[in-house]
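As structure tokens, the structure follows; a few thoughts come after it.
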Amino acid sequence: PGARIVEAELARQMGVSRAPVREAARRLESQGLLVARPRYGFTVRTLDLQQINDLFQVRIGLEVLATGLACRQASDEQLAQLQARVDHMVAQAPHLGQAERVALDLGIHACICEISGNAYLHRLFSNMQTEIRMILALTEGSYRDPNLIAESHRPVIEAMRRRDAAAAEQALRHHLIEGQEHVQALFLRAQQAQTAAPPNPP
């Protein structure tokens with residue numbers, strides 16, 4: 001976070017012209033990963049605790065709505081496919097790296113939004129995924145027990161398969177709030193460590 005993107009250097013490393021590098025930077029800017037500064041170029045976005053909390057607030061509201069809609073509108077086949085995703089994540093969690101676990105995790109949540117039957121809601125969640133990945137990447141190396149994370153999806157899908165919208169929404173909210181609190185704690189710990197660290201020598 002905060003690092004400058006030097007287009008010429010990236011183009012040299014990748015063996016391409018600066019045009020595709022600039023186009024890639026523009027796309028990353030539109031996804032919320034880079035920030036353009038006049039006469040300075042692009043930098044990697046720096047997140048603060050307020051932005052993290054704002055994102056989780058919207059994410060929780062969106063996904064709780066999606067869960068309730070899916071309980072009422074998803075087909076039995078769609079719910080069975082969601083169950084298979086959860087089972088797969090539980091089976092693979094101990095053997096995968098952080099990036100793969102995050103991908104499976106987000107895949108489950110994206111599937112819930114998709115089977116809600118609300119295309120606009122699904123599109124909103126898809127637009128948020130890049131920023132969610134960015135936040136989770138900042139916690140890499142400090143992530144909770146992967147087996148526990150995988151298993152924490154089970155109460156959600158079990159309630160959904162019973163078509164119990166209230167229980168599913170409650171389980172999903174609990175699951176996401178736990179994740180938010182974990183990210184908050186890691187972010188504050190990283191800030192404290194950075195503040196306490198001695199300055200770099202000249």
Side-chain angles (χ1 to χ4, degrees), residues 1-5 27-37 42-71 86 89 93 98-114 116 118 120-146 148-157 159-160 165-197:
R4 186 181 181 191
I5 303 299
R27 291 189 185 187
L28 292 174
E29 181 191 18
S30 70
Q31 294 174 3
L33 292 179
L34 298 184
V35 177
R37 295 171 54 187
F42 293 95
T43 57
V44 180
R45 178 178 170 190
T46 300
L47 291 169
D48 58 34
L49 192 57
Q50 183 62 52
Q51 290 172 324
I52 291 172
N53 288 334
D54 287 349
L55 178 62
F56 267 98
Q57 186 177 49
V58 174
R59 181 186 179 188
I60 290 169
L62 198 68
E63 290 196 51
V64 167
L65 173 61
T67 301
L69 289 173
C71 284
V86 173
M89 183 179 181
Q98 167 83 351
E100 290 84 3
R101 287 196 300 269
V102 168
L104 288 178
D105 194 323
L106 282 179
I108 290 170
H109 292 268
C111 182
I112 292 173
C113 292
E114 183 178 6
S116 73
N118 187 315
Y120 190 74
L121 186 155
H122 184 219
R123 186 161 65 250
L124 287 174
F125 181 79
S126 297
N127 291 339
M128 292 171 58
Q129 282 197 70
T130 301
E131 290 181 274
I132 295 171
R133 285 177 186 272
M134 183 179 185
I135 289 173
L136 295 179
L138 296 176
T139 67
E140 188 167 0
S142 303
Y143 212 55
R144 295 169 291 171
D145 180 354
L148 181 64
I149 294 297
E151 289 285 354
S152 68
H153 293 86
R154 285 203 187 277
V156 180
I157 182 57
M160 291 179 72
E169 289 170 359
Q170 183 179 2
L172 191 281
R173 186 185 298 276
H174 176 75
H175 170 73
L176 290 179
I177 288 176
E178 274 199 334
Q180 179 183 10
E181 291 173 348
H182 177 72
V183 171
Q184 287 173 334
L186 289 174
F187 188 85
L188 290 172
R189 197 179 309 156
Q191 278 190 326
Q192 292 167 357
Q194 190 174 20
T195 302

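Given the structure is predicted, the values throughout are model-derived calculations rather than measurements. By convention here, the first residue in the shown sequence is residue 1.
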**Request:** Tell me, with the steps shown, if His174 and Val156 meet side chain to side chain contact (heavy atoms under 4.5 Å, CB included).
**Result:** CA-CA 10 Å; His174 176 75; Val156 180; over 6 Å; no

**Verdict with reasoning, Ile132 to Phe125, per side chain to side chain contact (heavy atoms under 4.5 Å, CB included)** = CA-CA 10 Å; Ile132 295 171; Phe125 181 79; 4.1 Å; yes

**Request:** Show your working on side-chain hydrogen bond (donor to acceptor under 3.5 Å, both in side chains) between Asn118 and His122 and close with a plain yes or no.
**Result:** CA-CA 6 Å; Asn118 187 315; His122 184 219; over 6 Å; no

**Message:** Evaluate Gln170 against Arg173 for side chain to side chain contact (heavy atoms under 4.5 Å, CB included), listing each step before the verdict.
**Reply:** CA-CA 5 Å; Gln170 183 179 2; Arg173 186 185 298 276; 5.8 Å; no

**Request:** Please lay out, stage by stage, how Gln180 and Ile60 fare under the test side chain to side chain contact (heavy atoms under 4.5 Å, CB included).
**Result:** CA-CA 10 Å; Gln180 179 183 10; Ile60 290 169; 3.7 Å; yes

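By the neighbour-count criterion of 12 heavy atoms within 6.0 Å, atom CD of Gln129 is densely surrounded, having more than that number from other residues, nucleotides or ligands.
At least one side-chain heavy atom of Glu151 sits under 4.5 Å from a side-chain heavy atom of Arg154. The shortest side-chain heavy-atom distance between Met134 and Leu47 falls under the 4.5 Å cut-off. Inter-residue side-chain proximity for Leu65 and Glu169 is flagged as unmet; no heavy-atom pair is nearer than 4.5 Å. Annotation: side chain of Val44 is not in contact with side chain of Leu33 (no heavy-atom distance under 4.5 Å). Considering only heavy atoms from C-beta on, Glu29 stays 4.5 Å or farther from Val35 through its side chain. With contacts defined as side-chain heavy-atom distances shorter than 4.5 Å, the pair Leu55/Ile135 qualifies. By the 4.5 Å heavy-atom criterion applied to side chains, Phe56 and Ile177 are not counted as neighbours. The closest side-chain heavy-atom distance from Leu121 to Leu69 is below 4.5 Å.
In this structure, a donor-acceptor pair under 3.5 Å is absent between the side chains of Asn53 and Gln57.
Here CD of Glu131 is found 10.5 Å from CG of Asp54. Values are rounded to the nearest 0.5 Å. One distance of note links CG of Leu148 with CD of Glu178; it measures 7.5 Å at 0.5 Å rounding. Between the SG atom in Cys113 and the CD1 atom in Ile108 there is a gap of 12.5 Å [rounded to 0.5 Å]. Of the inter-residue distances, the one linking Leu28 atom CG with Arg45 atom CZ reads 12.5 Å to the nearest 0.5 angstrom. Atom-to-atom distance recorded for Asp105:CG and Gln98:CD is 9.5 Å, nearest 0.5 angstrom. With rounding to the nearest 0.5 angstrom, the CZ atom of Arg4 is 8.5 Å from the CZ atom of Arg37.
Taking both residues in full, the closest heavy atoms of Cys71 and Ala165 are given as SG-CA, 3.7 Å, listed atom of the first, atom of the second, then distance. The shortest non-hydrogen separation linking Ser116 to Ala66 is CB-O, 3.6 Å. Minimum heavy-atom separation, Ala168 to Thr67: CB-CG2, 3.5 Å. Smallest separation of non-hydrogen atoms from Met160 and Ala70: CE-CB, 3.5 Å.
Here the side chain of Gln51 pairs a donor or acceptor atom with the backbone of Asp48 at under 3.5 angstrom. A distance-only check finds a donor-acceptor pair linking the side chain of His153 to the backbone of Ile149 [under 3.5 Å].
A salt bridge links Arg59 to Glu63: one of the charged nitrogens lies within less than 4.0 Å of a carboxylate oxygen.
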